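Here's the structure we're looking at; comments come further down.
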Amino acid sequence: MNTPKLIKGLRMPWALTTTSRRTQRSRAKQQRLSAEHGAALATGDALAAKRRAGKKKRTNDAQSKAAVQWHCERKSPRASRLGYYDPAAPGVLSSTRQMEFSHMAIASPPTSHRGLAFGIDAGSGWMVVHDPFTSYGNELESPNVCFIGDLGQGKSSGIKTWAVLRQLLLGRRVVVIDKKYQLDQNGGEYTSLAQRLGITPVKFMVGGGGARINILDPRIAARLNEDSHDDTALSTPAGQSMLVRAVVEEALGRPLLPKEGKAVRMAHKQALRTAAANNEIAHIRHVLSALYAPDADAATASNLSVEEIRQWGQDPAFELERMIEDDLAGLIDGPTSEEISLNAGLTVFDVSLLPEDGPALAIVMTIINTWLANTLYRQSEAVPTVLVIEEAWHTVQGSVAKVTRRNTKLSRALSLSCMFAFHHISDIPEDSPAIAMLKECGTVLLYKQQKSDDAWACERMFNLPAGSAADIAGLTKGTCMMRIGGKDPFIAIHVRSALEIELTDTDKAMKSTATINQVEADAQEEAA
C-alpha cells in the first residue's frame with residue numbers, strides 16, 4: 001500500500017489543513033503595526049536625541065527654548081495623537097460655567113451706531129453716537145434735551161456742534177434763540193457762525209430798529225377759548241389767546257382776575273374783527289384800543305354793559321400800554337417782520353440786545369417759541385426741527401412758563417426737539433412748570449457743577465445713581481455726564497473738528513492780545 005499516495009488522495013477539510021484568509025489578514029496587520037511602532041520609536045528616539053543636542057546649544061536663549069517647547073515635525077497624525085513625537089497637553093476637567101472667567105469682559109458701547117457723533121465714552125473708549133430723532137421710540141420717549149452746567153465748561157460748544165452744525169448736515173431745520181452778547185460781534189455769539197453759513201441773524205431791539213414779531217400773527221392760531229388752567233390737556237400749540245393773556249399778566253406782574261380775563265378775551269375778539277374789516281393784520285395795539293373802547297354789540301350779546309367791560313379792562317389796559325411804549329417798544333406792536341421765516345436751514349433770533357431786568361426778553365422768547373410751534377403744526381410734511389434756547393431760565397418763570405411748557409409737550413407731534421441750556425437748577429423756581437418739563441427731557445447733559453448743592457440737585461432731579469453728584473462736581477472742561485432715556489448715565493468727552501473749534505470759540509475777548517496803543521492806532525487809521 002502506498003501510504004503517501006493514499007494520504008494525498010484523501011480530501012481533508014480546508015479549515016484543518018490551511019490558515020484562513022481572515023487570520024492571515026489579521027497577522028499581516030499586526031506585523032505592519034509592529035513595524036510602524038518600531039519605526040515611530042526609532043524616529044522618536046532620533047528626534048529626542050536631536051532635541052537634547054539642540055537644547056545644549058541653546059541653554060542661554062530662554063526665549064528660543066520656549067518657542068520650540070512643543071514644536072516637532074509630525075509625519076504621522078496617529079503617532080502624534082498617541083504622544084510619540086511630543087507630549088500631549090493635559091486636559092482640564094471643568095464646566096462652561098466655571099470657564100467663564102477665561103473670557104475677558106468687553107465693555108459695550110453706551111449708545112447705538114445710529115445718530116450723530118458727539119464724542120467718546122470716557123470709560124470704555126467707544127464712540128458716543130446719539131440723536132433725539134433717530135433714538136425716538138427705542139431709547140427715548142421724549143425728543144427734548146437739556147444742558148446744565150457752569151460757565152466755561154464747554155456747554156455752548158456742545159450745543160453749537162452737536163445740536164446745530166451736525167444737525168444741519170442731515171438737512172434738518174435748526175432755530176436758535178441767541179441770548180449771549182459778544183462785544184466783538186456786536187450781537188449774539190451765533191453771529192459769526194451764522195455769517196459763515198451765509199445767514200443773517202434776526203435782531204430784536206427795544207425802541208425800534210430791529211425785527212418785530214406779532215402775537216396776533218395769522219400763523220399763530222386764533223384760538224379764543226383756551227383754558228389756561230388746563231393747558232396741558234390740549235393737543236395743539238398755544239394760540240393767540242394764551243399769548244395775549246401771558247403778555248398782560250407779565251405787564252401786571254400778577255395773574256388776571258376773572259373779570260379782567262373776560263375783558264381781555266372780548267378785546268381780543270374785537271381786535272380780530274376790526275382788523276379784518278379794515279383789511280389789516282391785527283396786532284397788540286388793536287387789543288389795547290378794544291380795552292379802552294369795548295364794542296357795544298359784543299357787550300349786549302354777553303348781557304353786559306360797555307361801561308362794565310371797560311372798567312374790568314382798565315388796569316390791564318394801563319399796564320399793557322406802558323409795556324408797549326416802554327419795555328416792548330418796537331417788538332410786538334405791529335405786523336411780523338418779513339425777514340422772520342423758516343426758509344433757511346438755520347434761523348438765528350438774536351435777542352442779546354434786549355434788557356434782562358424787564359419782561360421783554362422772556363416775552364419775545366416765548367412768542368418765538370409759540371410762533372415756531374404753530375408754524376410746524378401747519379406744515380404738510382414734518383421736517384425734523386431743533387429749537388435751541390440759550391439762557392432758557394428766562395422762559396421758565398412767570399406766566400410765560402405755561403406757554404413754553406405746553407409747546408414742549410407737543411414736541412413729538414411736531415417733530416420738534418427743544419434743547420434748553422441752564423446754568424443751575426436753582427435758577428428755576430420750585431413752583432415753575434419747567435421742573436416737570438426738565439424731568440421729562442429724554443436726553444440730559446450735565447456739565448461740571450462746582451457747588452456741591454448744585455451737583456446734588458442734579459442727582460435728585462434726574463434720579464441718578466448714588467454718588468453721581470461727586471462725579472458731576474469732578475468733571476473737567478469739555479466732558480459731561482450724559483443720560484439717555486432710562487439708561488445708566490456715563491461720562492462723555494466732547495470731540496470737535498478744527499473747523500468746529502474755530503466756529504464755536506467764545507473766548508476771543510478773554511484771549512485777546514491787543515494793547516491800548518494798538519487800538520488807538522487802528523482807530524486813528526480808520527478815521528483818516
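All figures in this text were calculated on a predicted structure; none of them were measured in a lab.
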Verify, without hydrogens or angle tests, whether [X] (side chain) and [Y] (backbone) share a donor-acceptor contact under 3.5 angstrom.
X      : Y      : value
Ser417 : Pro132 : no
Asp178 : Val351 : no
Glu319 : Gly253 : no
Asp150 : Gln450 : yes
Thr479 : Leu475 : no

Can you name the residues that form a ring-ring contact (aromatic ring centres under 6.0 Å, His included) with His424, not counting sequence neighbours?
->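 Per chain and number, His424 pairs via ring-ring contact (aromatic ring centres under 6.0 Å, His included) with no residue.
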Less than 4.0 Å between a side-chain N and a carboxylate O, is that true for [Y] and [X]?
X      : Y      : answer
Glu500 : Lys160 : no
Lys259 : Asp315 : no
Arg322 : Asp327 : yes
Glu250 : Arg245 : no
Asp333 : Arg285 : yes

Can you spot which of Leu445, Thr443, Leu116 makes a side-chain contact (heavy atoms from CB on, under 4.5 Å) with His130?
->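 Considering Leu445, Thr443, Leu116, a side-chain contact (heavy atoms from CB on, under 4.5 Å) with His130 is found only for Thr443.
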Quick check for you: to the nearest 0.5 Å, what is the distance between [X] atom [atom1] and [Y] atom [atom2]?
X      : Y      : atom1 : atom2 : value
Ile148 : Gln449 : CD1   : CD    : 7.0 Å
Glu260 : Leu252 : CD    : CG    : 6.0 Å
Glu459 : Ser452 : CD    : OG    : 11.5 Å
Gln167 : Arg172 : CD    : CZ    : 5.0 Å

With [X] via side chain to side chain donor-acceptor pair (under 3.5 Å) - residues at least two apart:
X      : answer
Gln153 : none
Thr191 : none
Asp217 : Arg219, Thr336

Side chains of residues 462-469: which donor-acceptor pairs under 3.5 Å do they make with residues two or more places apart or in other chains?
{"residue": "Ser468", "atom": "OG", "partner": "Pro465", "partner atom": "O", "Å": "2.7"}

Sequence neighbours left out, what passes side-chain contact (heavy atoms from CB on, under 4.5 Å) with [X]? Give chain and number order.
X      : result
Pro355 : Val206, Asp357
Ser352 : Tyr181, Asp350
Ser337 : Ala211, Arg212, Glu339, Ile340
Val495 : Ile120

List for me each residue that meets salt bridge (Lys or Arg N to Asp or Glu O under 4.0 Å) alongside Arg114, sequence neighbours excluded, and say none if there are none.
->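 Arg114: no salt bridge (Lys or Arg N to Asp or Glu O under 4.0 Å) contacts found.
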Which residue pairs pass the ring pair (Phe, Tyr, Trp, His ring centres under 6.0 Å) test when at least one of the two sits in residues 471-496, sequence neighbours left out?
->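 Ring pair (Phe, Tyr, Trp, His ring centres under 6.0 Å) check on residues 471-496 returns Phe118-His494.
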Would you indicate whether the side-chain heavy atoms of Leu416 and Leu372 approach each other to under 4.5 Å?
->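 Yes, their side chains come closer than 4.5 Å.
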Which side-chain hydrogen bond (donor to acceptor under 3.5 Å, both in side chains) pairs, counting each pair once, include a residue from residues 194-207, with sequence neighbours left out?
->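 Residue pairs with at least one partner in residues 194-207: Arg196-Glu502.
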Say whether [X] and [Y], considering side chains only, have a donor N or O and an acceptor N or O under 3.5 Å apart.
X      : Y      : value
His286 : Gln270 : no
Asp121 : Ser124 : yes
Tyr190 : Glu390 : yes

Give a yes or no on this: more than 12 heavy atoms of other residues, nucleotides or ligands lie within 6.0 Å of atom CD1 of Ile281.
->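 Not more than 12 within 6.0 Å, no.
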